[in-house]
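Every chain is numbered from 1, with letters handed out A, B, ... down the list of sequences.
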Amino acid sequence: MPELPEVETTRRGLEPWLVGKRVRKVLVAEPRLRWPVDPQLPALLQGRTLLAIERRAKYLLFRFKHGTLIGHLGMSGSMRITKPQDETRKHDHVYIEFSRARQLRFHDPRRFGFLLWTEQDPALHPRLRKLGPEPLGPAFDGSTLADAARGRRVAAKSLLMDPAVVVGVGNIYANEALFRAGIRPSRPAGRIARARWDRLAVEVRKVLASAIEQGGTTLRDFLGSDGEPGYFVQQLQVYDRGGEPCRRCEGTVRRTVIGQRATYFCPGCQT
DNA sequence: CAACGGACCTGCCTGC
DNA sequence: TGCAGGCAGGTCCGTT
């Protein structure tokens with residue numbers, strides 16, 4: 001499922017097709033997402049012009065003059081541009097028709113994603129209110145991590161994946177950034193030297209920026225809004241590579257579990 | 001409060 | 001071929 005690079009890839013794919021276009025018709029085929037879709041959504045959107053598509057953390061923000069549609073892709077969600085007459089697929093839950101030829105479809109087999117309408121500033125919405133800084137923005141650096149780690153015993157990986165500390169770093173990129181920074185995922189956060197947090201912050205930025213350039217990572221089912229897979233999978237050093245040779249040393253990538261999430265690291269390269 | 005486990009849901013893969 | 005079990009990119013919530 002989508003982490004920040006996949007969400008950003010989706011946003012960039014949708015933007016040129018939809019921004020400035022007026023909503024003609026909305027159909028909610030399945031409102032039972034992570035949170036129920038507002039039954040008033042069609043009435044709220046019809047006839048309105050989409051002003052911008054922004055991203056905050058892994059949330060997509062569809063801005064209208066009178067409010068914002070907050071979207072999340074959960075573990076298995078995707079958004080694609082189709083023609084209204086294109087064949088529907090199983091798990092196509094919401095259809096938003098813009099021009100005669102362009103329709104946005106929300107597809108999500110596991111239904112962990114959602115679409116929420118809000119008329120307030122989306123930054124103040126309960127889902128977004130407590131989020132930490134953007135990893136690619138100016139407010140994120142080694143001190144962000146070092147400050148959050150002070151006095152805490154959680155694993156470095158859990159800290160990195162805590163959205164109150166920094167947003168957008170999911171399981172793939174947490175594993176990858178820790179490998180690139182040479183930090184063992186299980187190391188207690190409070191016992192990591194400041195210089196190593198600086199290094200980790202740099203690697204987080206690099207791995208996310210690089211993944212965005214590659215259109216994200218496709219493991220099983222992620223497709224960008226154009227239906228193309230992401231190619232960053234070819235750059236993965238440790239994720240999903242348990243038992244395989246390390247790409248940097250003579251060792252073998254190990255798989256463990258931290259916070260109920262699969263965790264991959266090289267015992268030789270990461271301390 | 002921090003930390004942890006379980007919950008939500010479907011599909012796909014493995015092994016018997 | 002069928003079926004049970006484990007696993008999956010995220011996040012929220014309740015309990016210690």
query: DNA chain B: A:K90 or A:R34, which has the more 5' nearest nucleotide?
result: A:R34
- request: Would you mind reporting whether A:T144 and A:D141 have side-chain heavy atoms less than 4.5 Å apart?
  value: yes
query: Below 3.5 Å, does any donor atom in the side chain of A:R110 face an acceptor in the base of C:dA8, or the other way round?
result: yes
message: I want to check one thing: is the phosphate of C:dC12, taken as OP1 and OP2, less than 4.0 Å away from some side-chain N or O of A:R127?
response: yes
query: Is the shortest side-chain N/O distance from A:H91 to OP1 or OP2 of B:dG11 below 4.0 Å?
result: yes
- request: With sequence neighbours excluded, tell me which residues meet salt bridge (Lys or Arg N to Asp or Glu O under 4.0 Å) with A:R261.
  value: none
- request: Can you tell me, in whole Å, how much space there is between the P of C:dG6 and that of B:dG6?
  value: 13 Å
query: Using purine N1 to pyrimidine N3 plus N6-O4 or O6-N4 for Watson-Crick, or N1-O2 and O6-N3 for G-U wobble, each under 3.5 Å, what pairs with B:dC9?
result: none
NZ/NE/NH1/NH2 to OD/OE distance under 4.0 Å, A:E54 and A:R11: no
- prompt: For A:M161 and B:dA3, what is the distance between atoms CE and P respectively, to the nearest whole Å?
  reply: 15 Å
- request: Tell me what A:Y173 touches on the nucleic acid: a base, only sugar-phosphate, or nothing, going by heavy atoms under 4.0 Å.
  value: nothing
- prompt: CG of A:D108 versus C1' of B:dC9: gap in Å, rounded?
  reply: 9 Å
- prompt: What is the distance from CD of A:E3 to P of C:dG10, rounded to the nearest Å?
  reply: 4 Å
task: Could you state the atom-to-atom distance from CZ of A:R111 to P of B:dC8 in whole Å?
output: 12 Å
field: Atom CH2 of A:W117: over 12 foreign heavy atoms under 6.0 Å
entry: yes
field: No-hydrogen, no-angle side-chain donor-acceptor test under 3.5 Å, A:R63 and A:T68
entry: yes
- prompt: Starting at CG of A:D240 and ending at C1' of B:dC12, how long is that distance when rounded to a whole Å?
  reply: 13 Å
- prompt: Do the side-chain N or O atoms of A:H72 get closer than 4.0 angstrom to the phosphate oxygens (OP1, OP2) of C:dT11?
  reply: yes
Nucleotide B:dT10, atom P - distance to NE2 of A:H107 in whole Å: 13 Å
task: Select base, sugar-phosphate, or nothing to describe what A:F232 touches, counting heavy atoms under 4.0 Å on all strands.
output: nothing
query: Taking atom types as modelled, is there a side-chain donor on A:T263 or A:K157 under 3.5 Å from an acceptor on the other?
result: yes
query: Hey, does A:K130 reach any base, or is it just sugar-phosphate, or nothing, if we go heavy atoms under 4.0 Å?
result: nothing
- prompt: When you measure from the side chain of A:Q260, which nucleotide among B:dC4, C:dG10, B:dG6 comes out closest?
  reply: B:dG6
A:R150 CZ - B:dA2 P separation (whole Å): 14 Å
- prompt: Does the side-chain ring of A:F112 sit on the six-membered ring of the B:dC9 base, less than 5.5 Å centre to centre and under 30° in tilt?
  reply: no
message: Closest approach to the side chain of A:M75, judged atom by atom: which nucleotide of B:dA3, C:dG10, C:dC12 is it?
response: C:dG10
message: Just to be sure I understand the rule, does A:R261 reach a base, reach only the sugar-phosphate, or reach nothing, if contact means heavy atoms closer than 4.0 Å?
response: base
message: Heavy atoms only, 4.0 Å cut-off, all strands: where does A:R255 land among base, sugar-phosphate and nothing?
response: sugar-phosphate
- prompt: In whole Å, what separates the P atom of B:dC9 from that of C:dC3?
  reply: 23 Å
task: Calculate the interatomic distance between A:R55 atom CZ and C:dG10 atom C1'; express it in whole Å.
output: 15 Å
